[in-house]
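Only heavy atoms go into these numbers, but all of them, side chains included; no hydrogens, no water, no symmetry mates. Letters go in sequence order (proteins before strands), and every chain restarts at 1. Please read all numbers here as calculations on a predicted model, not as lab measurements.
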Number of protein chains: 2
Amino acid sequence: MSARQVTLAEVAKQAGVSLATASRVLNGSTRQVSGDLSDRVLRTAEELGYVPNASAQALARNSSSLVGLVVHDITDPYFSCIAAGVTRVAEEAGLVVVLGTTGRRPEREAELLSTLRAHRARAVVLAGSRTTDRAAQSRLAAEIDAFTEQGGRVACVSQAKLGTDTVVPGNRAGGRALARALTELGHKKFAVLGGPSELVVARDRLAGFKAGLNDAGIAPPVVVNGAFTRDGGYEAAMELLASKSRATCVFAVTDVMAMGAMAALRERGVRIPDDMSIAGFDDIPTLRDTVPALSTVRLPLEEMGEIAAGLVLDGGGDEARTVRVAGEVVLRASTAHN
Amino acid sequence: MSARQVTLAEVAKQAGVSLATASRVLNGSTRQVSGDLSDRVLRTAEELGYVPNASAQALARNSSSLVGLVVHDITDPYFSCIAAGVTRVAEEAGLVVVLGTTGRRPEREAELLSTLRAHRARAVVLAGSRTTDRAAQSRLAAEIDAFTEQGGRVACVSQAKLGTDTVVPGNRAGGRALARALTELGHKKFAVLGGPSELVVARDRLAGFKAGLNDAGIAPPVVVNGAFTRDGGYEAAMELLASKSRATCVFAVTDVMAMGAMAALRERGVRIPDDMSIAGFDDIPTLRDTVPALSTVRLPLEEMGEIAAGLVLDGGGDEARTVRVAGEVVLRASTAHN
DNA sequence: GCGTGGCGGGAAAGCGCTTTCCAGCGCTGC
DNA sequence: GCAGCGCTGGAAAGCGCTTTCCCGCCACGC
C-alpha cells in the first residue's frame, strides 16, 4: 500500500517534456503551449492519474484554495444554514471550506483564526456572534489583523468588526418591527427571553424590541436571560413562568430559544397562543412546520452566507464593505390577538 | 498591507541558531535541544508572532492535518449532527476538517474525494448515503482506492463500502423493531414513505420494516417514494393521501421526511395521531420538541460522527473495521393505539 | 593517553510545485 | 539582408519547512 503519489515530474518525463511545460499545461498559466505537447501532457496525466499536490502548489504560489468558516455549533440551524450558503459559493469558486467550531468559547475563535492563518487560508467568514468579552475580542482583533496582513480576507456575519467586510442583519430594526406588529395584535405586557448579556446580537434585538414597544407607548418588557440555545430558551421560559409575570406575549431573541421556550410552556400547560403568544427571530426552516408555526423575523440565512462568501472572495477593494439584510416580520400561528 | 509572513528562517536568524534547531524546537522532534537555545527560539518566535506554514510542513512531512467530511446537505440535521461529532474529535486531535457538500449529486462525492486527495488529507469520512447508481459507485470506489493507496484512511457512515472502516446503524433491525412496536399498538394497515429507491439506507429501513410487519402477520405496506428531504416527505404524503389508502399508520424512513409528511397531513386536516399515526427514523433533536413529538428510531448521530472520526484517526490496522450502532425505538405522541 | 560513544548543533538536500529567465526560432519591416 | 520582435520550450531558482548526515565536543573506559 501507500504507493507513492504521481508527481508532475513523472508526468513530464513520461510525456517527454520539461517540468515547466507540464506545469503550464496542467495548471493554466498565461503562457501558451503548442497543441501537440499540450495533448501529450494531458493524456499522460490522465493515464497516470495525476493529481496536483495542493500543498506544494500553495507553497509555490503562496496562496491556498482554503476558505475558513467559523461557527459556534454546526448543529444549530442558524449556523448550518449560513454554512450551506458559504460552502455553495466557495465550491462554485473551486475552493475548499474548512469548518471550525468554537463550541461558543470566545477564545476558540482566535485559535481557529490562527490555525487558518497557518494554512494560509485565502479567506475566512466568521459567523460566531460577537461578545463584549474584552480580552477575547482584542485577541481576536489581533488575529484578524494578522490574517489580513498576510493577505487573507475576512468577513463577519452579524457583527460589525472594524476593518472587515460584514453582512449585518437588521437585528435592531427587526426587533422593533416585530414589537410593533405584536403590539398591533393588542398585547400590552411583554416578556423577552434574552440571550447571554454579552452577546451583541442578543442585545441589539432586545434593544430594537424595547424601542418598538416604546414607540407604541407600552411599558418595557420583563427580560430573562438564558443561553443562546434550545435549553437556554427552555430554562429562561421556566424562570419567566416562575416569576409570575403577567406577560401575554413573549419574544425569544432566537428561534432556537423559542423552541425551547415553547417546550417549557407546553410542559407547564400554557397553551400557545391562547394563553401566551410567542415569537422568535431568524426563521429557521424547521420551525415553519411546527404546531403552532412560529411567528418570527425572517432572515435569509443561506443568502447571508452566500453574501459573506461573495464579499470575501471577490477580491474586493481595501474598504471594508457592509451589506445590510433586512429582517421581515412573519406572523404565524404562535401569536394571537389579545 | 500584505506584510510578508514571518518564516522559520527569520526566527532562527533572530535567535542566532540554525534553521534545523529552530525547527526542532518549534515542532517537537525526537532530537533534544539544550535549554537556553530552546528558550531563545521560543521567545523570539513569540515576539515575531511566528506561525508555521502548514503547506510547507505538509509538503516536507508528506502528510497534512486535514480531515475531510463529505455530506449531502449540511442543513439537514442528520448530517449536521454527524458533522458535529466528526469536528469535535478532529479538533481535539489538532486536525482541521474540510467540509464538502454534494447536494445529493452522486458524482460530487468522487470529485470531492479527488480534491481531498489533492490536499493530501490524512483521512475522510463519507456520510453521504450509498446509492445503487453503478457508474457513480465505481468512480467513487476508484477514488477511494486512490485515496487509501496514497496513505489516507476513509470511513463511511451508514454504508458498508468495501475496504473501508464503517459505522453502520441498525437500519434493518431498527425498521423491524419499529414495525413490531407499531403493530403492538394495534395498527393493521401501514404505509411507508420511502426514500429514493436507489438509496441503500432507505431500502434497508424499508426492508426491515416489512420484515417486522411480516413477523406480526400483517400485510405489506403501501409504499410511496419521495426525495430524502422535508419536501420529499411532504409530497409523498400528499400522494399517499390522494391514493385513498386505508393505512392508519405511516412510517417515513427519515425524520426529516416525517416532518414534511406531518405538514402535509395537517394541511389536509388529518389529525395526528387521532386519524393517522406517524413515525420516523433518526431522532433528530428538533423533532423531539414538536407537537406531537415524533415517534422514531433513535440513532446516536453525533456519536456516530465521533466513532467514524475515531476509526479514521486512530491509525487502525489494515483490516476494515465495522462498528454497528443500534437504533432504539422511541414511541412518542405521534403514534397512538388503534 | 587515546579510542568509543553519545549527544547537541548546523549544513544541506530535498518535498512538488511555480515562475523567472534565457535560448532558439521563424517573422516582419526597413 | 539583417536587426528586432514575439513566441514557445527548458533550466533552474526558489517557496518554507523537515530530516539526514556530518562534525565537534565531552565523558568514559581501557
Side-chain angles (χ1 to χ4, degrees), chain A residues 2-42 44-45 48-66 117-122 150-151, chain B residues 2-42 44-45 48-66 117-122 150-151:
Chain A
S2 243
R4 252 206 39 277
Q5 192 62 18
V6 182
T7 73
L8 223 213
E10 293 171 64
V11 174
K13 182 150 148 241
Q14 184 90 338
V17 302
S18 78
L19 203 52
T21 302
S23 170
R24 295 199 261 253
V25 171
L26 294 173
N27 312 289
S29 88
T30 44
R31 295 273 308 254
Q32 284 264 354
V33 174
S34 75
D36 61 336
L37 282 200
S38 176
D39 283 355
R40 240 160 57 209
V41 172
L42 254 13
T44 49
L48 268 41
Y50 170 72
V51 175
N53 182 321
S55 303
Q57 289 187 310
L59 183 56
R61 295 181 175 150
N62 190 29
S63 89
S64 79
S65 54
L66 266 35
R117 180 153 65 99
H119 285 272
R120 301 299 184 269
R122 88 163 48 173
Q150 175 207 295
Chain B
S2 244
R4 254 207 37 278
Q5 192 61 19
V6 182
T7 73
L8 223 213
E10 293 171 303
V11 174
K13 182 151 149 242
Q14 183 89 339
V17 302
S18 77
L19 203 52
T21 303
S23 171
R24 295 199 261 254
V25 171
L26 294 174
N27 312 291
S29 89
T30 43
R31 294 273 307 255
Q32 284 263 354
V33 174
S34 75
D36 59 339
L37 282 202
S38 175
D39 284 354
R40 241 160 55 209
V41 172
L42 254 14
T44 50
L48 268 40
Y50 170 72
V51 174
N53 182 322
S55 304
Q57 287 188 310
L59 183 57
R61 293 180 176 150
N62 191 27
S63 89
S64 80
S65 54
L66 265 34
R117 179 153 66 98
H119 284 273
R120 301 298 185 270
R122 87 164 48 173
Q150 174 206 298

key: OP1 or OP2 of C:dT18 under 4.0 Å from side-chain N/O of A:Ser23   = yes
message = Could you report the tightest heavy-atom contact between A:Leu26 and A:Ala45, atom names first, then the distance?
response = CD2-CB, 3.9 Å
request  = Choose from C:dG9, C:dG10, D:dC17 the nucleotide whose nearest atom is closest to any side-chain atom of B:Thr7.
outcome  = D:dC17
key: Integer-rounded Å distance: C:dG16 C1' and B:Arg61 CZ   = 17 Å
request  = Between B:Ala20 and B:Ser55, name the one whose nearest nucleotide on DNA chain D is closer to the 5' end.
outcome  = B:Ser55
inquiry  = Rounded to whole Å, please give me the gap between OH in A:Tyr50 and P in C:dG16.
reply    = 10 Å
message = If you assign A:Arg24 and B:Gly16 each to the DNA chain C nucleotide with the nearest heavy atom, which residue ends up on the more 5' nucleotide?
response = B:Gly16
key: Spacing of A:Leu59 atom CG relative to C:dG14 atom P, expressed in whole Å   = 17 Å
message = Can you see if the side chain of B:Thr21 gets near the phosphate of C:dG10 - specifically, an N or O under 4.0 Å from OP1 or OP2?
response = yes
Atom-to-atom span, CG of A:Leu8 to P of C:dT18 - whole angstrom = 6 Å
Contact under 4.0 Å: A:Ser34 side-chain N or O vs D:dG9 OP1/OP2 = yes
task = Mind calculating the distance between CD (A:Gln5) and C1' (C:dC17) to the nearest angstrom?
result = 13 Å
ask   = Can you tell me if B:Asp36 and B:Ser34 form a side-chain donor-acceptor pair at under 3.5 Å?
value = yes
query = Given that A:Val51 and B:Gln32 both sit by DNA chain C, which one's nearest nucleotide is further toward the 5' end?
reply = B:Gln32
message = From the set C:dG14, C:dC17, D:dT19, return the single nucleotide nearest to any side-chain atom of A:Asn27.
response = C:dC17
remark   = Rounded to whole Å, CG of B:Asn62 lies from P of C:dA13 at a distance of 21 Å
ask   = Have A:Gln57 and A:Asn27 got a donor and an acceptor in their side chains that come within less than 3.5 Å?
value = yes
task = Could you state the atom-to-atom distance from CG of B:Leu26 to P of D:dT19 in whole Å?
result = 14 Å
key: Heavy-atom pair of closest approach, residues A:Ala15 and A:Thr44   = CB-OG1, 3.4 Å
query = If only atom types and distance count, is the side chain of A:Arg120 paired as donor or acceptor with the main-chain N or O of A:Ala118 below 3.5 Å?
reply = yes
ask   = Could you state the CD-P distance from B:Gln57 to D:dC15, rounded to the nearest angstrom?
value = 17 Å
